[in-house]
Amino acid sequence: MITIDYLTHSAGHITKAEVDAYKDKLQDIKAKLHSHGPMLDWSDIDTTITPEQLADIKALAKKINSTHSILIVIGVGGSYLGAESIQKAFNKYFSDFNDRNVIFAGYNLSGEYLRSLIEYLGNKNFYINYISKSGTTLEPSLAFETMLNYAKQRYPKKYPQRVIITTNEKGSPLLDVAKKEGYHLLTMPENIGGRYSLLTPVGVLPLCVCGVNVDDMLRGARDWSQNIDLALEYAVARDILYHKGYKVDAFTIYEPKLSDLASWWQQLFGETQGKHKKGIFPICNVNTANLHSIGQYLQDGEDIIFETVLRIKHLDDFKLPNADISYADLNMIVLDQVATAHAMGNTPSIVINIDKIDEYNFGELVYFFFVAAAAGAYLLDVNPFDQPGVEKYKQLVKQKTKELFH
């Protein structure tokens with residue numbers, strides 16, 4: 001169960017009167033989120049993935065794992081960040097890289113990365129999962145062509161059996177490609193954008209291959225979707241602070257393996273809300289390491305930053321030597337005292353509490369952030385589901401490189 005604590009100072013204090021002023025706006029936002037309007041299919045968990053799709057994905061994941069194959073997931077932004085963040089959250093520290101059965105590619109333009117990936121694969125079996133709505137986004141499309149060429153070398157006659165395409169259920173050029181080439185096809189609802197796709201086949205396949213219990217994760221999201229008031233409260237608190245001059249939100253974690261979850265949060269909020277010269281700038285902050293770097297700024301720098309702090313109440317524990325306390329307990333003491341100190345230094349904290357790192361809690365958390373990000377965009381009067389800034393750079397790159405590709 002998610003709960004929220006607020007640690008603020010006088011200038012950043014969020015009063016009941018301020019929150020009450022949002023009452024009518026929140027009613028309008030609730031109506032929008034429940035309207036099944038454009039790009040809102042994610043708001044109803046039962047539309048994100050059908051029972052038939054889930055059964056198909058589980059069978060496919062079982063096949064991949066039974067053949068001791070690695071799944072190469074190719075995508076950028078929301079097409080990979082969510083699944084990668086959950087995978088790493090459930091990984092053990094210092095596990096051998098050879099034990100990882102899902103590897104992500106197509107989110108950068110590093111030739112060295114792809115060359116090293118191919119070298120690493122060596123004689124290992126692998127499948128390719130290419131995730132894209134259009135098939136034209138530069139980074140994943142090039143990575144797919146590179147890995148597909150390698151698959152043709154490794155499996156000359158059987159490579160189509162090792163390619164999985166995840167794309168829109170309607171109007172995607174990749175639909176025709178998958179059908180023509182005989183690739184395994186997974187579709188996602190047309191009314192869900194990439195950054196809201198974690199609970200669709202986009203995220204569910206890699207999570208199943210990783211061994212994540214997706215049923216529990218979907219159940220957590222579905223349960224949380226029945227009461228979105230706390231997520232709306234979080235969106236309102238951020239909006240109030242924004243209008244008081246707090247233009248930066250540092251998503252702060254105290255468990256290092258959740259750093260990719262912070263990156264997923266950063267992408268979700270940045271791409272959803274940062275438009276028309278509006279929006280809170282999201283950054284990732286990993287403590288306690290950063291207490292000795294940007295922690296100085298958070299304590300004594302300009303009063304433009306607040307923190308969203310994620311507290312995990314129960315973690316795998318290890319008792320401190322010569323003390324009646326565990327590392328996890330000490331970590332939480334530090335979290336509380338840092339948030340208190342920062343509030344005294346005019347950096348407010350919104351502390352989000354979850355019980356533990358498991359699938360159900362993470363399903364709740366994912367849906368909580370989905371709602372909060374969209375609601376925050378509505379409060380800013382921007383469209384939560386487009387990305388005009390992203391499209392601009394794509395256009396310029398395409399113009400500059402159009403004669404280089406054939």
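No hydrogens, no waters, no symmetry mates; every other heavy atom, side chains included, goes into these values.
- Proximity of a side-chain donor or acceptor of Y327 to a complementary backbone N or O of L320 within less than 3.5 Å is not detected.
- With hydrogens and angles disregarded, a donor-acceptor distance shorter than 3.5 Å links the side chain of Y93 to the backbone of K257.
- Remark: aromatic rings of Y183 and Y130 are distant, center separation not under 6.0 Å.
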**OP:** Kindly determine whether K58 and D215 satisfy salt bridge (Lys or Arg N to Asp or Glu O under 4.0 Å), including the steps that lead there.
**Re:** CA-CA 11 Å; K58 287 180 178 179; D215 293 307; 2.6 Å; yes
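- Stacking of K124 on the aromatic ring of F126 is not recorded, the 6.0 Å distance cut-off and the 45° axial limit not both being met.
- The aromatic rings of Y80 and Y107 sit parallel, their planes meeting at an angle under 30°, below the 60° perpendicular limit.
- Heavy-atom minimum distance, L114 versus A105: CD2-CB, 4.4 Å.
- The shortest heavy-atom contact between A235 and A372 is CB-O, 3.7 Å.
- D41 and T47 are not linked by any side-chain donor-acceptor pair at a separation below 3.5 angstrom, with hydrogens and angles left out of the test.
- Surrounding NZ of K62 are at most 12 heavy atoms belonging to other residues, nucleotides or ligands under 6.0 Å away.
- Counted by atom type alone, D56 and H184 present one or more donor-acceptor pairs between their side chains at under 3.5 Å.
- For K152, the NZ atom is densely surrounded, since the number of other residues' heavy atoms within 6.0 Å is greater than 12.
- A donor-acceptor contact shorter than 3.5 Å is absent between the side chain of K275 and the backbone of P388.
- No donor-acceptor pair closer than 3.5 Å links the side chain of T288 to the backbone N or O of L291.
- Under a 3.5 Å cut-off, the side chain of T167 and the backbone N or O of K133 do form a donor-acceptor pair.
- In this structure, the separation between CG on L330 and NZ on K319 is 13.5 Å, given to the nearest 0.5 Å.
- Applying ring pair (Phe, Tyr, Trp, His ring centres under 6.0 Å) to Y196 and the options Y367, W264, F385 leaves one that passes, F385.
- Shown here for G78 and V202, the closest heavy-atom pair between the two residues is O-CG1, 4.3 Å.
- Heavy-atom neighbours of D28 CG from other residues, nucleotides or ligands within 6.0 Å: above the threshold of 12.
- Remark: side-chain polar atoms of R195 are not paired, donor with acceptor, to backbone N or O of G82 under 3.5 angstrom.
- Across all non-hydrogen atoms, the minimal contact from A89 to L258 is CB-CD2, 3.6 Å.
- Using a 3.5 Å distance cut-off with no hydrogens or angles, the side chains of Y360 and D223 do pair a donor with an acceptor.
- With Y378 as the aromatic partner, K25 does not meet the cation-pi criteria of under 6.0 angstrom to the ring centre and within 45 degrees of the ring axis.
- Of the residues T48, L186, L60, the one that meets the side-chain contact (heavy atoms from CB on, under 4.5 Å) test with P201 is L186.
- Heavy atoms only, all atoms of each residue included: G376 and Q273 are closest at CA-NE2, 3.4 Å.
- If you check the side chains of N285 and T252, you find a donor sitting under 3.5 Å from an acceptor.
- In this structure, L54 CG and I49 CD1 are separated by 5.0 Å, a value rounded to the nearest 0.5 Å.
- If you run ring pair (Phe, Tyr, Trp, His ring centres under 6.0 Å) between W265 and each of Y234, F251, F370, only F251 comes through.
- N101 contributes a side-chain N or O that, together with a main-chain N or O of V209, makes up a donor-acceptor pair within less than 3.5 Å.
- Electrostatic pairing of D316 and K92 does not count as a salt bridge here, judged by no charged N lying under 4.0 Å from a carboxylate O.
- With a 6.0 Å radius and a threshold of 12 heavy atoms from other residues, nucleotides or ligands, K63 has its NZ atom at or below the threshold.
- With 3.5 Å as the limit, one finds a donor-acceptor pair spanning the side chains of D300 and Q296.
- Distance alone, capped at 3.5 Å, places no donor-acceptor pair between the T137 side chain and the P140 backbone.
- A salt bridge links R219 with D216: at least one charged nitrogen is closer than 4.0 Å to a carboxylate oxygen.
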Subject >> Stepwise side chain to side chain contact (heavy atoms under 4.5 Å, CB included) check, L261 with I253 >> reply: CA-CA 9 Å; L261 183 71; I253 58 168; 5.8 Å; no
**OP:** Before giving the answer on side chain to side chain donor-acceptor pair (under 3.5 Å), spell out for Y155 and N125 the whole-Å C-alpha distance, their side-chain angles and the decisive distance to 0.1 Å.
**Re:** CA-CA 10 Å; Y155 312 104; N125 286 320; 3.1 Å; yes
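- Taken from OG1 in T8 to CE in M344, the straight-line distance is 13.5 Å, to the nearest 0.5 Å.
- A donor-acceptor pair under 3.5 Å is formed between the side chain of Q299 and the backbone N or O of A341.
- One N or O on the side chain of Q87 and one on the backbone of V102 form a donor-acceptor pair closer than 3.5 Å.
- The number of heavy-atom neighbours closer than 6.0 Å to CD of Q395, taken from other residues, nucleotides and ligands shown, is above 12.
- For D324, the CG atom is loosely surrounded, since the number of other residues' heavy atoms within 6.0 Å does not exceed 12.
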